[in-house]
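Every chain is numbered from 1 and lettered A, B, ... according to where its sequence line falls, protein lines coming before strand lines.
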Amino acid sequence: MSVKQVIAEIRKELDNFTAVRKWKEETGQKVIGWFPPDVPEELIAAAGALPVGISGFRPETRLAEAHLPRYVCSFMRGSLEMALRGELDFLDGVVFPHACDTKKHIVGLWERNCRFGFVHNLLFPRQLNLPSAQKYYRQEILRFCSALESFTGSKITTEKYQHIVAIYNQNRQLLREILRLQGEKQLLSNEDFYLVVMSSMLMPKTESNFFLTKLLNELTHGKGSQNMVPVVLSGSLVETNGFLKILDNCRLIAVGDDLYTGYRYFCLDVDGEDMLGGLTKRHFNQIPYSGYYSERHQKSEFLASLATERRAAGIIFIHLMFCEQENYEYPEVKQYLDRKNIPSIRIELDYQTQAWGQLSTRLQSFAEMLGVV
Amino acid sequence: MTFKRIEFKTKNLLKQTMERYNTRALQAAQEGIPVAWVTAVFPVEILYAMDIFPYYPENFGAAAGTHRRTEELSKIAENEGYSARVCAYTRAGLGLMYGFSDFGKEIPKPDILLPCNIQCACLYKWFEITAKFYNLPLFLLDGPQIDEPSWEVQKQYFIEQLNELIGFLEKTTRKKLNMNRLSEVLELSTEACTLWNKVLASAKTKPARLTYWDACILMGPIVTLRGTKEALNYYSELSKELEERDKGNISAVPGEKIRLYWDHIPIWPRMRFFSELFGFHQAAVVCSLYTHSWAYRFDPERPLESLTENYLREFVNWKFERRVEKKVKLMREYDVDGFIFNLNNSCKPNSLALVEKRNVITEQLNIPGLLLEADMCDLRFFDEGTVKNRVESFLEMVSRQ
Ligand code: SF4
Ligand code: SF4
């Protein structure tokens, strides 16, 4: 079997959420959607439900527009559109982490218009500096656990949790290994790589592990081409069509990122032995994110060292239009990168109004500057 | 237009009070008083009790809007890489920081930055940038949303942070917090809030004695000086004046025919335009959750708990349903005939769900609501012709009902 075949198989599982629907039919259990970033999926799974990551972009968002002002990022607009169109009809509940103002305030609209049996606000601390933050995080986790347990009717026991964590850690290890090989051999296109990451959010992890293992096997034996220029992506999330296709055409290849549908999703494992301690440790050691204030973690330094470590020639900021918190951070990060002589470019994406042609031209010249011939 | 707003006799006292505040802000540095930048929803009583000077950069943002400087300042910020779609207050502040070397002459340079994120994330991001720019200490007071019925966890977290905040302040300013003094400040603050709400309530009478447009100007001291005697002094004078207005049956909008609710922040550079436009049509805007935000009631016996109960339960920190309830309650109390929601380009957190809220409220109260789309400061996002037409046809519709 070739890499292409495995990708085709994965794609089939994602099409119209086939894997999720199948699971639901077979088990008769609940499916709980979660919005990135940083929702501890392990707890959802340990409570007997299937966690499904929601990321959604739609070129056309007519239904959502009837409920929203113009200035909402494509992600929040697109996912609401999917829900309103009934494309997420397999969901029994949703979890919203209050990691940005948009997510915080859109919950009410979901509650009113989508009528899920379970809507949970995850109110994680947005400062990571003070001792109070860790203590509070633990409390929020416990609050989440009891909400989950009463919804699914199933207790999160130590055995179940540890069993789940082992599977999830394996999943992350596989993804990290695939990413590592991307840096070495560039066997997957950008589009396929991020599809692979996303597939892990959209199917039961055992199934995902099966596919990832198969894929990794092919990748390990495959011969790399190395004719693309490595870059690092920074932003919140990417969708597999559109931007990534352009990146592929420009012969730029992502070898690292800080996206919530990328490295952030799988960079850290959790310690299954101590549930609260393990989750807290992971949360507080996460890579920098614009939604949290932390004195220790600086995005500028993180990105610069990621680029160096992954031998990337430059950094591409993919910010969603109207995402304020990312924009606020950008000038300082950009200046820092300039000082370090790391070339970067910022593009602002709006999936509903994007002028893809223009974007392609800009990325093309960036690629040329980085030495793509 | 023939409508002319009736001036307040206490106008000079307000002017003096605010001028003194601003002068003191700029002089503080020379006098060795630490200046803290704070956000509007911040337990400022702690600072007053510690003789730390609290400065509200949001005020600068609003003033920049009023004086039509937002566009100029914003362009400087935009050149630095900030989008014109982020909050205009922050754009004005950042523009000033990057563009003007005499920053400290117009607004005081902070010694410490104390954002609280109950209102929004924009403010703390702005403060964070400023802190990095000047290499200053920052303390983010994190206020997670209230997700009732279970807010105990959030409450404990906030109280704990208040303790951490006090520790941080004592360390950075070398001043000690005296709890008795804090209780005193809390009492002063409560009194000022009570008076302020009494002032606002004089728009309940028919006809109203003051309008929302007035209140947006009169609110200066409750925002900046609550917890001080000056605020108390000003609001007791003002409330006397309003009693006089009541006795003399003076209405803010002569011949008041329509009563309205305006949600949140006004469009600062066009305040006069709006006040006259509504006034001309004999429409009094009588209430807004914005001006009613300052309604704190502290229990001086339990300072930190009480600060938490008040600040964490600010209306901006509630979920959809409760926020609708609060709006509806105010609309009922002030007996309005309609309401206006502005989908504010700057303030996404407060306007994100307004389309939906309009529908819910119209259904509940059976009164119409108008949706406007404009920026609160930046006139590049304001189309006067369209706004005027929409307001006028809305008022026509309201008066027909
Ligand atoms: S892209 Fe920005 S605004 Fe949109 S959900 Fe993510 S953090 Fe929030
Ligand atoms: S106007 Fe809105 S976004 Fe701007 S500072 Fe105030 S609350 Fe935040």
Side-chain angles (χ1 to χ4, degrees), chain A residues 65-72 76 98-102 104-113 120-127 129-133 135-137 139-140 142-143 146-147 290-295 298 319 321-325 327-335 346 348, chain B residues 77 80-83 85-87 90 94 98 115 117 119-122 124-126 128-129 132-133 138-147 150 152-154 156-161 163-165 168 319-321 323-324 343-345 348-357 359-360 371 373:
Chain A
E65 273 154 39
H67 300 269
L68 293 171
R70 273 176 232 202
Y71 44 68
V72 172
M76 284 290 114
H98 284 209
C100 73
D101 287 339
T102 308
K104 178 169 167 180
H105 293 285
I106 211 166
V107 186
L109 304 186
W110 279 72
E111 274 179 317
R112 295 187 52 78
N113 296 293
H120 188 82
N121 291 285
L122 258 185
L123 309 168
F124 285 157
R126 295 183 69 180
Q127 52 91 5
N129 302 311
L130 307 167
S132 57
K135 199 165 147 196
Y136 169 60
Y137 178 83
Q139 295 297 319
E140 256 311 272
L142 292 176
R143 199 175 69 95
S146 51
S290 60
Y292 305 144
Y293 174 63
S294 164
E295 276 163 1
Q298 296 300 332
H319 291 166
M321 198 175 280
F322 310 119
C323 175
E324 297 180 296
Q325 57 192 35
N327 184 223
Y328 281 119
E329 279 190 351
Y330 168 69
E332 189 258 337
V333 177
K334 157 89 175 135
Q335 277 171 20
R346 173 177 187 253
E348 231 182 356
Chain B
E80 293 290 327
Y82 301 98
S83 155
R85 306 308 296 251
V86 300
C87 170
T90 69
L94 291 168
Y98 287 109
N117 61 2
Q119 287 153 272
C120 65
C122 299
Y124 97 76
K125 282 289 173 194
W126 170 21
E128 193 183 347
I129 296 162
K132 276 191 184 158
F133 194 87
L138 176 146
F139 184 104
L140 168 66
L141 183 59
D142 181 24
Q145 198 179 54
I146 300 288
D147 194 16
S150 56
E152 193 52 36
V153 171
Q154 280 68 38
Q156 287 314 321
Y157 172 45
F158 202 79
I159 295 179
E160 205 162 328
Q161 284 181 89
N163 280 311
E164 288 168 331
L165 170 71
F168 168 86
K319 286 171 53 178
F320 186 96
E321 310 291 342
R323 284 178 79 151
V324 167
L343 304 179
N344 186 347
N345 168 66
K348 297 168 185 62
N350 278 302
S351 26
L352 190 103
L354 283 181
V355 182
E356 193 91 358
K357 284 176 187 160
N359 301 341
V360 177
L371 289 176
E373 264 181 282

Region of B:Leu343 in contact with chain A, defined by heavy-atom distances below 4.5 Å: both
For B:Glu321, all residues meeting side-chain hydrogen bond (donor to acceptor under 3.5 Å, both in side chains), sequence neighbours excluded: none
Under 3.5 Å donor-acceptor, B:Asp142 side chain and A:Pro125 backbone: no
Toward chain B, the part of A:Tyr137 with a non-hydrogen atom under 4.5 Å: neither
Side-chain (B:Glu164) to main-chain (A:Ser132) donor-acceptor, under 3.5 angstrom: yes
Chi angles and distances behind the side chain to side chain contact (heavy atoms under 4.5 Å, CB included) call for B:Glu152, A:Arg143: CA-CA 11 Å; B:Glu152 193 52 36; A:Arg143 199 175 69 95; over 6 Å; no
Test item: B:Lys125 and A:Glu324 side chains (from C-beta on) under 4.5 Å apart, heavy atoms: no
Exam field: side chain B:Lys319 to backbone A:Val107, donor-acceptor pair closer than 3.5 Å: no
Proximity breakdown for B:Phe139 and chain A, heavy-atom pairs closer than 4.5 Å: side chain
Euclidean distance, A:Arg70 CZ relative to B:Asn345 CG, rounded to 0.5 Å: 10.0 Å
Separation of A:Leu123 CG from B:Ile146 CD1 (nearest 0.5 Å): 9.0 Å
Gap separating the NZ atom of B:Lys348 from the OG1 atom of A:Thr102, nearest 0.5 angstrom: 8.0 Å
Check: B:Glu356 and A:Asn113 side chains under 4.5 Å, non-hydrogen atoms: yes
Spacing of CD belonging to A:Gln325 relative to OH belonging to B:Tyr124, to within rounding of 0.5 Å: 6.0 Å
Chi angles and distances behind the side chain to side chain contact (heavy atoms under 4.5 Å, CB included) call for B:Glu128, A:Tyr293: CA-CA 9 Å; B:Glu128 193 183 347; A:Tyr293 174 63; 3.7 Å; yes
Which of B:Asn163, B:Asn350, B:Val355, B:Leu371 touches chain A most, by non-hydrogen pairs under 4.5 Å: B:Val355
Side chain / backbone / both / neither for B:Val360 at chain A, heavy atoms under 4.5 Å: side chain
Short side-chain to backbone donor-acceptor contact, A:Asp101 and B:Cys120, under 3.5 Å: no
Side-chain heavy-atom pair A:Met321, B:Ser83 within 4.5 angstrom cut-off: no
Interatomic spacing from OH in A:Tyr136 to CZ in B:Phe158 - rounded to 0.5 Å: 11.5 Å
Least distance between heavy atoms, B:Phe320 atom then A:Leu109 atom: CE1-CD2, 4.0 Å
Top contributor to chain A interface from B:Ser351, B:Ala77, B:Ala353 [non-hydrogen pairs under 4.5 Å]: B:Ser351
Between A:Glu348, A:Gln127, A:Gln139, the one whose heavy-atom pairs under 4.5 Å with chain B are most numerous: A:Gln127
Which atoms of A:Gln298 approach chain B - backbone, side chain, both or neither, heavy atom under 4.5 Å: side chain
Carboxylate-amine/guanidinium contact B:Lys132 A:Glu332, below 4.0 Å: yes
Qualifying residue for side chain to side chain contact (heavy atoms under 4.5 Å, CB included) with B:Leu352, from A:His105, A:Met76, A:Lys104: A:His105
From CZ (B:Arg85) to OH (A:Tyr71), nearest 0.5 Å: 9.0 Å
Largest heavy-atom contact set with chain A, pairs under 4.5 Å, which of B:Gln145, B:Glu373, B:Lys357: B:Gln145
